[in-house]
Amino acid sequence: MFDRNILTKIGLAIVLVTSPVLQAVPVAAQVTETSVESLPNQHFIIDVSELEQTDIGKIVIDASAIGGQAALEIPLELKRISLSAPDCVDAGTYVLPVTATNTDGEIVETLDYPVTIKALANDGESHRDWDEEIIYFLLTDRFYDGNSDNNNPYDLDYAGADNPRGVYQGGDFAGITEKLAYLSDLGITTIWISPIVANIQYDVSAGSQDGAFYGYHGYWAQNFEELNPHFGTLEEFHTLIDQAASYDMNIMVDVVLNHTGYGLHPLDGARENSPAGYPTDEDRAVFEDMLRLETGRDALTESLSGLPDFITEDPAVREQIVAWQTAWLDLATTPNGNSIASFRVDTAIHVDPVTLQHFRNELTTINPDFKLIAEAWGADPINHKNFLNSGKMDSVLDFKFKETARNFINGNLVGANETLIKRNEALESNATAGQFLSSHDETGFLYMLNNHLGKYKLAVALQLTAKGQPVIYYGEELGQTGANNWPVYDNRYDLAWKETETENHDIFNHYQTLLDFRHNYSEILAKGNRQLISGSNEEGYILVERAFQDEAVYLLFSNREEAFEIELAVTEADAIAFNHYNGEQFQADGKRLIIPATLLEEGGTALLTLDRGQFSVE
């Protein structure tokens, strides 16, 4: 077992659970020098266990002073909540009032929590915030086989499977480690890997005509305390983490809180003629009293895809599943002191909200800098289903972005840009969103475009220059794509390493150029405002300004397939524009600047900066 009551010192800040000023109503609470300390984007715990009343029906904290919700409910079961402040909040001390009401809605007690937000230390080194991460999502099994010795640890008949794509392909931790230079050259900062724990071993399609299918993806856990032997040993996992750190890349691990794998429900022991590798009664005993015997029809109680569903609202179950997952922060810590930096939380809308807050609290206690991004099907930064600024998540996957991208590349340039302006306004550094085009659960974006490379590259340009966290699905940078077709899943291809040997690979170069630009202007693109400067749907182009703290870059997007020039107004007659996409430079003439648009088939993108002056809104 592990000690989950560790206070971890990170940089200059310590997670402090302090005693606030406690006053009975109506006496006014006083602020003292005692405070909870934090750096921007770093979590801290508010503990309201000192509330004395026994008939409390609701506890609410007003976190608006630090950019949070004005009436954020603190679960009675926990009396603790994890909060953070975005980087736009100035250093200083702020007071967060807590109000407890009884079951009749009457105020019974109040608390004042002084919170000190400390300035980030300027040590001369560059600092990368959470909202500046560039995420690369890979299915470990489909990426690269670095150690063939672990390809069949259970000695099952993969070679004889009637669906070769439904079995393990050999990818592992050693394979990712071997290809870290490739990911670094591409411009990745966070590598999101599929779940690492031991999965059910058997063919879930056995006895049917569907074709063999195993848990190669990692989402069908059998043992939450052991690594999947297909992926490697703990030593190999440590090596991956250390080597990634040497490239200044973080490791994000996918975790599942709401279900186990097939065959682990109490009733599954009655199966006759069970296939090789089927879970035993001993395996099922681990989850005794943790799984629903009867499932419901709402998001919390339904059995997702028929998988055994954890009773996540049960306090004992909550404690156990959170303990299993948070233990990996310690297990993953290498002798060099590196560890995993974040979790992607699978199927978050199917987990009890109190359990998610408990999960966040426990992670904060271990590491205040640890981050969470949620998969909440259909969520976006505006309709994030109360995952952001709520003591739960630091980010959500943006399911709406690809719809915006489709509108954009199909001609509604202005409308899509207006959508992104609203999206911009909803995002903060500690409450952001990961925009993606493809995933293992959906048909590939390029496939849906009938392999129209020009439109695809324009969508990628929109994705990689938007506020939020770009999430690249492995192989997209090489033009790989496919249908979401069970049980083959052409969207879960093996990465085409032969393609990486191609000189001047068109799509890879497009990604690399855009990501290089994003790195060079990281704060502007991750945090900056968005404004339409010029252009229209009818003209087939728009010029967009991204600005932050008196600095700006300009994005010129075109969906036209014939060559044309764009005349733009500038504030200075001697302005010079540089296109970082292709290296071209343009000199203004009488406060007018003429730039040739990039053809759609060539990416439809110009990445501009101005030497002297600004573009004028027209």
Side-chain angles (χ1 to χ4, degrees), residues 17-18 20-32 34-51 53 56-117 130-131 353-354 356-358 360-361 364 372 374 376 379-396 422-433 527:
V17 181
T18 62
V21 177
L22 174 63
Q23 300 289 343
V25 175
V27 179
Q30 302 295 317
V31 177
T32 70
T34 304
S35 66
V36 178
E37 299 180 356
S38 177
L39 297 174
N41 303 309
Q42 188 182 67
H43 291 272
F44 56 87
I45 294 286
I46 295 291
D47 189 323
V48 296
S49 59
E50 293 190 29
L51 286 167
Q53 297 289 335
I56 294 173
K58 189 175 184 179
I59 307 171
V60 170
I61 185 169
D62 180 355
S64 58
I66 59 169
Q69 294 185 34
L72 178 59
E73 191 166 349
I74 301 176
L76 295 176
E77 301 98 311
L78 305 178
K79 289 191 176 181
R80 301 171 79 230
I81 196 164
S82 178
L83 300 177
S84 63
D87 56 12
C88 60
V89 174
D90 294 332
T93 298
Y94 302 84
V95 176
L96 307 187
V98 172
T99 303
T101 55
N102 61 22
T103 53
D104 294 325
E106 300 169 328
I107 296 176
V108 293
E109 288 189 71
T110 63
L111 299 171
D112 268 359
Y113 267 89
V115 173
T116 299
I117 306 299
W130 167 242
D131 59 338
V354 176
L356 291 177
Q357 289 182 311
H358 178 52
R360 172 71 271 173
N361 291 346
T364 296
L372 293 173
D380 63 71
I382 297 172
N383 301 305
H384 55 76
K385 306 178 187 292
N386 199 33
F387 283 112
L388 302 180
N389 272 325
S390 61
K392 301 184 189 79
M393 300 290 157
D394 305 285
S395 183
V396 294
K422 293 177 183 177
R423 181 181 187 271
N424 249 53
E425 295 169 352
L427 298 175
E428 295 286 0
S429 62
N430 68 332
T432 188
K527 306 173 187 295

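Heavy-atom basis, side chains included; hydrogens, waters and symmetry copies ignored.
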Which pair of non-hydrogen atoms, one from [X] and one from [Y], has the smallest distance, and what is that distance?
{"X": "Leu76", "Y": "Gly57", "answer": "CD1-O, 3.5 Å"}
{"X": "Pro114", "Y": "Thr93", "answer": "CB-CG2, 4.1 Å"}
{"X": "Ser429", "Y": "Pro86", "answer": "OG-CA, 3.4 Å"}

State whether the side chain of [X] and the backbone N or O of [Y] hold a donor-acceptor pair below 3.5 Å, judged by distance alone.
{"X": "Asn361", "Y": "Arg80", "answer": "yes"}
{"X": "Lys392", "Y": "Asn386", "answer": "yes"}
{"X": "Asn430", "Y": "Ser84", "answer": "yes"}
{"X": "Thr364", "Y": "Ser82", "answer": "no"}

Distance in Å, [X] [atom1] paired with [Y] [atom2], rounded so as to fall on 0.5 Å steps:
{"X": "Ile56", "Y": "Glu109", "atom1": "CD1", "atom2": "CD", "answer": "5.5 Å"}
{"X": "Met393", "Y": "Lys385", "atom1": "CE", "atom2": "NZ", "answer": "13.5 Å"}
{"X": "Ile117", "Y": "Asp87", "atom1": "CD1", "atom2": "CG", "answer": "11.5 Å"}
{"X": "Phe387", "Y": "Leu356", "atom1": "CZ", "atom2": "CG", "answer": "6.0 Å"}
{"X": "Ile81", "Y": "Arg360", "atom1": "CD1", "atom2": "CZ", "answer": "11.5 Å"}
{"X": "Leu83", "Y": "Ser390", "atom1": "CG", "atom2": "OG", "answer": "9.5 Å"}

Would you give me the side-chain donor-acceptor pairs under 3.5 Å for residues 95-102, sequence neighbours excluded?
residue, atom, partner, partner atom, Å
Asn102, OD1, Asp104, N, 2.8
Asn102, OD1, Gly105, N, 3.1
Asn102, OD1, Glu106, N, 2.9
Asn102, ND2, Glu106, OE1, 2.9

Report task. Applying side-chain contact (heavy atoms from CB on, under 4.5 Å), name anything that partners Asn424, two or more places apart in sequence or on another chain. Result ->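 Testing Asn424 for side-chain contact (heavy atoms from CB on, under 4.5 Å), a comparison that skips the adjacent residues, returns Lys467, Arg530, Arg546.
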Report task. For the pair Asn389 and His384, evaluate side chain to side chain donor-acceptor pair (under 3.5 Å) and give the outcome as yes or no after the intermediate values. Result -> CA-CA 10 Å; Asn389 272 325; His384 55 76; over 6 Å; no
**Report entry** Charged N-O contact under 4.0 Å between Arg423 and Asp380
**Finding:**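 No.
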Query raised in the report: Should Thr432 and Asp131 be marked as a side chain to side chain donor-acceptor pair (under 3.5 Å) after you check the CA-CA gap, both sets of side-chain angles, and the distance that decides it?
Result: CA-CA 6 Å; Thr432 188; Asp131 59 338; 5.9 Å; no
Which side-chain N or O atoms in residues 58-68 pair as donor and acceptor under 3.5 Å with protein atoms at least two apart or in another chain?
residue, atom, partner, partner atom, Å
Asp62, OD1, Ser64, N, 3.0
Asp62, OD1, Ser64, OG, 2.6

